[in-house]
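Have a look at the structure below before the remarks.
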Amino acid sequence: QVQLVESGGGLVQAGGSLRLSCAVSGRTVSSYTMGWFRQAPGKEREFVVAISWSGGRTYYADSVKGRFTTSRDNAKNTVYLQMNSLKPEDTAVYYCVGRDTRYSADIYYTHPDDYAYWGQGTQVTVSS
């Protein structure tokens, strides 16, 4: 059973930064494409970023490109999301996700149904 646990969310002023972590337990996810989604109140879940199993390829939503950076440490079974220059519209619950792509370099998985594994989410609130 794969479990994903996010941490690092909180309240920050516009222009500030936060770093989210996603710790995975239950099995190694070194062969998985991992990613992040977010969901704001009253809105559908939105793709944020995907990262390949090696960390060598990433794909960002246009809304966060240049401000957010994802990385992973397969030895620690952990994925990170560094969020800089935060805006009030970044306010949402952020979810870590995983898909076993068996070491494929494909990362263009942008629909929620593309991912079998989800964390419980962590709240990020950006005040203006």
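Residues V2 and V24 are in side-chain contact: their nearest non-hydrogen atoms beyond the backbone lie under 4.5 Å apart. In this structure the side chain of V5 never reaches within 4.5 angstrom of the side chain of C22, judged on heavy atoms. The closest side-chain heavy-atom distance from Y94 to M83 is below 4.5 Å.
Note on Y59: it does not cluster hydrophobically with Y32, by side-chain heavy-atom contacts below 4.5 Å among ILVMFWY residues. No chain of hydrophobic side-chain contacts below 4.5 Å, direct or via other Ile, Leu, Val, Met, Phe, Trp or Tyr residues, connects V49 to I107. Under the 4.5 Å side-chain heavy-atom criterion for grouping Ile, Leu, Val, Met, Phe, Trp and Tyr, V124 is not connected to V97 through any hydrophobic cluster. I51 and L81 fall within the same hydrophobic cluster, where Ile, Leu, Val, Met, Phe, Trp and Tyr residues are linked whenever their side-chain heavy atoms come under 4.5 Å apart, directly or through other members. M34 and Y108 sit in two unconnected hydrophobic clusters of ILVMFWY residues. Membership requires side-chain heavy atoms under 4.5 Å apart, directly or through other members.
Of the charged side-chain nitrogens involved, none lies within less than 4.0 Å of a carboxylate oxygen, so that K87 and D90 do not count as a salt-bridged pair.
Atom-to-atom distance recorded for S127:OG and Q13:CD is 5.0 Å, nearest 0.5 angstrom. R72 CZ to S30 OG: the interatomic distance, rounded to the nearest 0.5 Å, is 7.5 Å. Within the model, atoms CH2 of W36 and SG of C96 stand 4.5 Å from one another, a figure rounded to the nearest 0.5 Å. Here the CG atom belonging to L4 is positioned 12.0 Å from the OH atom belonging to Y115, to the nearest 0.5 angstrom. Taking CG of N77 as the start and OG of S25 as the end, the distance is 8.0 Å to the nearest 0.5 Å. Put simply, CD on Q123 and CD on E6 are 12.0 Å apart, with the number rounded to the nearest 0.5 Å.
Closest heavy-atom contact between A105 and S52: O-CB, 4.3 Å. When all heavy atoms of S128 and A14 are compared, the closest pair comes out as CA-CB, 4.4 Å. Here the closest non-hydrogen pair linking D62 and K65 is OD1-NZ, 3.0 Å. Residues A40 and A92 come closest through the heavy atom pair N-CB, 3.8 Å. Of all heavy-atom pairs spanning S63 and E46, the tightest one is OG-OE2, 3.5 Å.
Under the 30°/60° scheme for interplanar angles, the aromatic rings of W118 and F37 are found to be tilted.
No donor-acceptor contact under 3.5 angstrom links the side chains of T125 and T91, judged on distance only. A donor atom on one side chain and an acceptor atom on the other are not found under 3.5 Å apart for T78 and D73. Side-chain atoms of T33 and D106 form no donor-acceptor pair, as typed in the model, at a separation below 3.5 Å.
Here the side chain of R27 pairs no donor or acceptor atom with the backbone of Q3 at under 3.5 angstrom. Within the 3.5 Å criterion, the main-chain N or O of Y80 finds a donor-acceptor partner in the side chain of T70. Under a 3.5 Å cut-off, the side chain of W53 and the backbone N or O of Y103 do form a donor-acceptor pair. Listed for the Q82 side chain is no donor-acceptor partner under 3.5 Å among the backbone atoms of T69.
Y117 does not carry R99 over the face of its six-membered ring by the limits of under 6.0 Å from the centre and within 45° of the normal.
Of the candidates R38, R45, Q120, Y95 forms a side-chain contact (heavy atoms from CB on, under 4.5 Å) with just one, namely R45.
Crowding of F68 atom CZ: a count of heavy atoms from other residues, nucleotides or ligands under 6.0 Å exceeding 12.
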Does the side-chain contact (heavy atoms from CB on, under 4.5 Å) test come out yes or no for F47 and Y109, once each step is laid out? CA-CA 9 Å; F47 169 78; Y109 300 107; over 6 Å; no
